[in-house]
Colleague: 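Supplied in structure tokens, the structure appears directly below.
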Amino acid sequence: MEKGYKASITGVGSFLPEKVLTNDDLSKMLDTTDEWITKRTGIRERRIVENGVATSDLAVEASLRALEAANVSPTEVDLIITSTVTPDCLFPSTSCYIQEKLGARNAGAFDLLAACSGFVYALSVAKSFVASGAMKTVLVVGAECMSKITDYPDRSTCILFGDGAGAVVVQQGNGRREIVTTHLGSDGSKAELLTIPAGGSKLPASRETVESGSHYIKLRGKEVFKQAIINMVDVIIKAAAANDMQVEDFDMVIPHQSNIRIIEAAMEKLGLPKEKAFININKYGNTSSASIPIAMDEIEKGQMLKPGDTAILVAFGGGLTWGSSVIKW
């Protein structure tokens with residue numbers, strides 16, 4: 001098999017739980033208001049799974065929609081890569097549960113952890129497999145049940161997160177939505193800015209870790225806010241230069257939906273109108289790995305980009321990690 005294939009996104013799908021948690025609902029649970037949350041985050045509501053629903057359940061629904069859009073059967077999938085910080089369990093991988101539920105009996109499966117940057121990281125891996133000729137069809141999933149790791153008495157974090165899933169099919173060929181370039185970065189020296197401290201080998205689960213709330217998200221918001229803007233701006237500039245473009249040549253910026261103020265500040269530093277950034281954080285909150293593929297599905301369904309347009313996916317998350325993918329729509 002010859003090498004040097006182009007890698008294109010041939011199908012996109014997403015799935016959101018039905019249950020809506022509004023800012024007004026949160027104001028009945030803790031000392032906050034709709035106005036306070038909206039002003040600081042841009043979020044008005046978020047989706048929350050019902051009890052008993054796992055990340056793989058959301059992922060399968062999104063995956064089925066992406067496969068249908070690509071006209072691909074589950075048995076044609078060579079590999080499943082799932083990005084999530086809320087796996088069904090520590091192991092086996094959530095991808096293995098997805099593989100079984102889809103009936104993708106010919107697929108390899110593994111998870112990838114890069115927090116909110118995870119979908120961009122997973123997409124870069126899929127691109128490499130497909131472009132090298134090693135794989136023909138890769139299913140890339142970003143899925144999260146963030147409500148399961150959110151400490152709802154903590155006003156600084158509970159207002160931010162929601163649940164959802166998105167998926168794309170990456171295949172060989174010269175079709176639409178070609179993945180042109182990817183750029184990835186990290187800074188482990190700032191890992192403690194955004195973390196779940198307990199549950200791993202460093203701090204195994206115990207009565208003390210449970211009672212101290214160490215299995216919930218811990219966020220140092222001001223420092224993360226600053227780092228997110230710096231690194232999102234930098235990776236967009238690098239991506240433009242790698243493609244012999246100016247940042248203003250991008251027809252749309254599709255950012256991880258973390259905080260409206262982060263997105264607006266990054267766009268301002270780039271000298272781009274905020275209207276060029278796709279925004280849906282008001283409806284779904286921060287869904288971590290799922291936010292970009294959910295956005296891509298909305299963009300595709302709304303025909304917001306036309307063939308030949310160039311979009312850039314950009315994400316920032318715990319690790320710290322960040323990344324971008326340039327897509328020729």
Side-chain angles (χ1 to χ4, degrees), residues 12-66 82-88 94 98 115-116 118-119 141-167 196 216-217 219 221 254-264 277-302 304 315 317:
V12 187
S14 65
F15 181 76
L16 282 305
E18 290 186 7
K19 183 179 178 181
V20 176
L21 181 66
T22 67
N23 291 347
D24 285 334
D25 293 332
L26 286 173
S27 71
K28 297 169 185 174
M29 299 162 53
L30 61 153
D31 182 19
T32 191
T33 65
D34 173 62
E35 181 183 8
W36 190 90
I37 297 171
T38 303
K39 181 178 180 181
R40 285 159 178 78
T41 68
I43 301 167
R44 293 188 178 277
E45 60 186 40
R46 67 288 292 149
R47 302 296 182 91
I48 303 295
V49 296
E50 300 288 352
N51 291 337
V53 176
T55 293
S56 65
D57 296 321
L58 303 183
V60 166
E61 295 298 328
S63 297
L64 287 170
R65 296 176 186 189
T82 302
S83 171
T84 185
V85 297
T86 57
D88 286 22
T94 300
I98 296 168
C116 298
F119 178 79
V141 184
E144 304 286 9
C145 290
M146 299 300 289
S147 61
K148 305 292 183 80
I149 57 172
T150 296
D151 186 5
Y152 281 96
D154 177 9
R155 186 178 71 164
S156 67
T157 57
C158 77
I159 62 174
L160 299 173
F161 298 104
D163 303 336
I196 295 178
Y216 292 124
I217 298 167
L219 168 66
I254 307 174
H256 163 54
Q257 306 292 307
S258 54
N259 183 309
I260 190 66
R261 292 191 300 153
I262 289 174
I263 296 169
E264 289 178 348
F278 179 81
I279 303 294
N280 64 3
I281 192 173
N282 56 306
K283 297 186 290 183
Y284 307 129
N286 181 344
T287 55
S288 188
S289 291
S291 76
I292 286 180
I294 290 170
M296 292 175 70
D297 193 34
E298 289 199 352
I299 291 162
E300 180 66 13
K301 286 184 169 59
M304 300 174 196

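Small disclaimer: the values here were computed from a predicted structure and weren't measured. Throughout, residue positions are numbered sequentially from 1 according to the sequence presented.
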Colleague: Distance check, rounded to the nearest 0.5 Å: Asp34 atom CG versus Thr22 atom OG1?
Modeller: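 Atom-to-atom, Asp34:CG and Thr22:OG1 are 7.5 Å apart.
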Colleague: Keeping the roles fixed (side chain from Ser289, backbone from Ala115), state whether a donor-acceptor pair exists under 3.5 Å.
Modeller: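 Indeed, once roles are kept as given, a pair shorter than 3.5 Å links the two residues.
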Colleague: Give the minimum heavy-atom separation between Asp163 and Pro17, together with the two atoms involved.
Modeller: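 Looks like O-CD, 3.5 Å.
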Colleague: On a heavy-atom basis, which atom in Ile263 and which in Ala277 lie closest, and how many Å separate them?
Modeller: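 For Ile263 versus Ala277, the nearest heavy atoms are CG2-CB, 3.9 Å.
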Colleague: Quick one: list whatever passes salt bridge (charged side-chain N to carboxylate O under 4.0 Å, His left out) with Asp151, sequence neighbours left out.
Modeller: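 In terms of salt bridge (charged side-chain N to carboxylate O under 4.0 Å, His left out), with neighbours along the sequence ignored, Asp151 is linked to no residue.
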Colleague: Roughly how far, to the nearest 0.5 Å, is CZ of Phe161 from CD1 of Ile217?
Modeller: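 Answer for the CD1-CZ pair, Ile217 versus Phe161, is 4.0 Å.
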Colleague: If you take all heavy atoms of Gly317 and Cys116, which pair is closest and at what distance?
Modeller: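 It is CA-CB, 3.8 Å.
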Colleague: Compute whether any side-chain donor of one residue and acceptor of the other, for Glu144 and Thr287, lie under 3.5 angstrom apart.
Modeller: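 There is no such pair between these side chains.
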Colleague: Hey, what do you get for CG (Asp154) to OH (Tyr216), rounding to the nearest 0.5 Å?
Modeller: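 Interatomic distance, Asp154 CG to Tyr216 OH, rounded to 0.5 Å: 11.0 Å.
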Colleague: Quick one: does Arg47's side chain get under 4.5 Å of Val20's, heavy atoms only?
Modeller: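 They are in side-chain contact.
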Colleague: Can you give me the closest heavy-atom contact between Val53 and Lys148, atom names plus distance?
Modeller: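 Minimum heavy-atom contact is O-NZ, 2.7 Å.
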Colleague: Is Thr150 reaching over with its side chain to a backbone N or O of Tyr152, donor-acceptor style, under 3.5 angstrom?
Modeller: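 Checked: no pair found.
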Colleague: Using a strict cut-off of less than 4.0 Å between a Lys/Arg side-chain nitrogen and an Asp/Glu carboxylate oxygen, indicate whether Asp297 and Lys301 qualify as a salt bridge.
Modeller: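 A salt bridge links Asp297 with Lys301.
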Colleague: Using a 3.5 Å distance criterion without hydrogens, assess whether the side chain of Gln257 forms a donor-acceptor pair with backbone atoms of Ser291.
Modeller: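 Here the side-chain-to-backbone pair does not exist.
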Colleague: Please confirm whether the backbone N or O of Ile37 pairs with a side-chain atom of Asn23, one donor and one acceptor, at under 3.5 Å?
Modeller: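 No, because the side chain of Asn23 does not come within donor-acceptor range (under 3.5 Å) of the backbone of Ile37.
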Colleague: Hey, could you give me the NZ/CZ distance between Lys39 and Arg261, rounded to the nearest 0.5 Å?
Modeller: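 CZ of Arg261 is found 9.0 Å from NZ of Lys39.
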Colleague: Closest approach of Gly166 and Ala290, non-hydrogen atoms and distance?
Modeller: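 That closest heavy-atom pairing would be N-CB, 4.2 Å.
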Colleague: If you round to the nearest 0.5 Å, how far is SG of Cys158 from CG of Leu160?
Modeller: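 Rounded to the nearest 0.5 Å, the CG-SG separation comes out at 8.0 Å.
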Colleague: Whether the side chain of Arg44 engages the backbone of Asn282 through a donor-acceptor N/O pair (distance < 3.5 Å, no angle test) should be reported.
Modeller: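 Side chain of Arg44 to backbone of Asn282: no pair is present.
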Colleague: Is it true that a side-chain atom of Glu45 and a backbone atom of Ile43 form a donor plus acceptor pair closer than 3.5 Å?
Modeller: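 Side chain of Glu45 to backbone of Ile43: no pair is present.
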Colleague: Within the supplied structure, the quantity of interest is the number of heavy atoms (other residues, nucleotides, ligands) at a distance under 6.0 Å from Phe278 CZ; does it exceed 12?
Modeller: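 More than 12 heavy atoms, drawn from other residues, nucleotides or ligands, come within 6.0 Å of this atom.
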Colleague: Could you check Leu26, Asp25, Asn286 and say which one makes a side-chain contact (heavy atoms from CB on, under 4.5 Å) with Arg46?
Modeller: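 Running side-chain contact (heavy atoms from CB on, under 4.5 Å) over Leu26, Asp25, Asn286 with Arg46 returns exactly one hit, Leu26.
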Colleague: Strictly distance-based, threshold 3.5 Å: is any side-chain N or O of Asn259 a donor or acceptor partner for the main-chain N or O of Arg40?
Modeller: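 Looks like yes, one N/O pair under 3.5 Å.
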Colleague: Counting C-beta onward and ignoring hydrogens, is there a side-chain heavy-atom pair between Val141 and Thr94 closer than 4.5 Å?
Modeller: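 They are not in side-chain contact.
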Colleague: Please check if the side chain of Arg65 supplies one atom and the backbone of Ser14 the other of a donor-acceptor pair under 3.5 Å.
Modeller: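 Checked: pair present.
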Colleague: Compare every heavy atom of Ser27 with every heavy atom of Thr33, then report the nearest pair and how far apart it is.
Modeller: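 Scanning both residues, the minimum pair turns out to be CA-CB, 4.3 Å.
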Colleague: What is the distance from atom SG of Cys145 to atom CD of Glu50, rounded to the nearest 0.5 Å?
Modeller: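 These two atoms lie 11.5 Å from each other.
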